[in-house]
Amino acid sequence: MSICSALMEERVMDQHTGRVLNADMEFYKLAGIGDIGEIVVHINTEPEFDKRGVIGLGEPAAIALPTAIGNAVANAIGVRVPNLPLTSDRVLAALERRNA
């Protein structure tokens, strides 16, 4: 979920009407099993952690991971890409701004 948010998912909206232009799955890009490497999940299951009650596994990471990916890209290329998803076009545009 987070990787797709950082690298692929984009809601395209009409600026005048606010209508979502890619509201169906035909043009909304999501990663498939071959697009993402192995994901290893570590979760604390000791009794002291159970005192918090029920917690989610996917949702907390959904906020931090796109930021971490954006920071990694900025560190690698020396300039921030200001918008998600971090598509190749946006990365190249950021590189052009850096070199301008």
Side-chain angles (χ1 to χ4, degrees):
M1 184 167 69
S2 303
I3 294 170
C4 286
S5 174
L7 302 177
M8 298 176 167
E9 291 182 28
E10 183 171 20
R11 182 177 58 187
V12 180
M13 306 211 32
D14 184 298
Q15 294 298 315
H16 300 290
T17 66
R19 183 173 175 254
V20 178
L21 299 176
N22 63 337
D24 58 28
M25 297 306 285
E26 182 178 0
F27 299 106
Y28 193 86
K29 294 182 181 179
L30 293 173
I33 193 73
D35 298 320
I36 298 174
E38 180 182 4
I39 298 174
V40 178
V41 176
H42 299 278
I43 188 164
N44 293 321
T45 57
E46 290 81 28
E48 63 267 18
F49 292 105
D50 289 339
K51 293 176 185 174
R52 297 180 295 177
V54 176
I55 60 166
L57 178 62
E59 289 77 9
I63 296 174
L65 190 57
T67 305
I69 292 171
N71 286 338
V73 169
N75 187 43
I77 67 174
V79 65
R80 281 216 181 269
V81 181
N83 298 315
L84 294 177
L86 301 171
T87 61
S88 56
D89 291 343
R90 289 180 175 161
V91 171
L92 290 172
L95 286 169
E96 286 178 10
R97 284 192 306 276
R98 181 189 71 178
N99 295 328

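- Of all the heavy atoms in Gly78 and Arg98, the pair that sits closest is O-CD, 3.9 Å.
- Taking CG of Leu92 as the start and OG1 of Thr87 as the end, the distance is 8.5 Å to the nearest 0.5 Å.
- Within 6.0 Å of CD on Gln15 lie no more than 12 heavy atoms contributed by other residues, nucleotides or ligands.
- The distance from atom OG1 of Thr17 to atom CG of Asp14, rounded to the nearest 0.5 Å, is 3.5 Å.
- A side-chain donor-acceptor contact under 3.5 Å links Asn22 to the backbone of Val12.
- To the nearest 0.5 angstrom, Arg90 atom CZ is 15.5 Å from Arg80 atom CZ.
- For Leu86, the side-chain contact (heavy atoms from CB on, under 4.5 Å) test picks out Leu7, Ile69, Val73, Val81, Leu84, with sequence neighbours left out.
- To the nearest 0.5 Å, atoms OG (Ser5) and CD (Glu10) are separated by 10.5 Å.
- Side-chain atoms of Asn75 do not come within 3.5 Å of backbone N or O of Asn71 as any donor-acceptor pair.
- Nearest approach of Ala94 to Val79, heavy atoms of both residues: O-CG1, 3.5 Å.
- Looking only at side-chain heavy atoms (C-beta outward), Cys4 and Glu9 come within less than 4.5 Å of each other.
- Distance alone, capped at 3.5 Å, is enough to place a donor-acceptor pair between the Asp35 side chain and the Gly32 backbone.
- Under a hydrophobic-cluster definition in which Ile, Leu, Val, Met, Phe, Trp and Tyr are linked whenever side-chain heavy atoms come within less than 4.5 Å, directly or via other members, Ile39 and Leu65 are assigned to the same cluster.
- Of the possible donor and acceptor atoms, none in the side chain of Arg19 sits under 3.5 Å from a partner among the backbone N and O of Met13.
- The distance from the OG atom of Ser88 to the CG atom of Leu95 is 11.0 Å, given to the nearest 0.5 Å.
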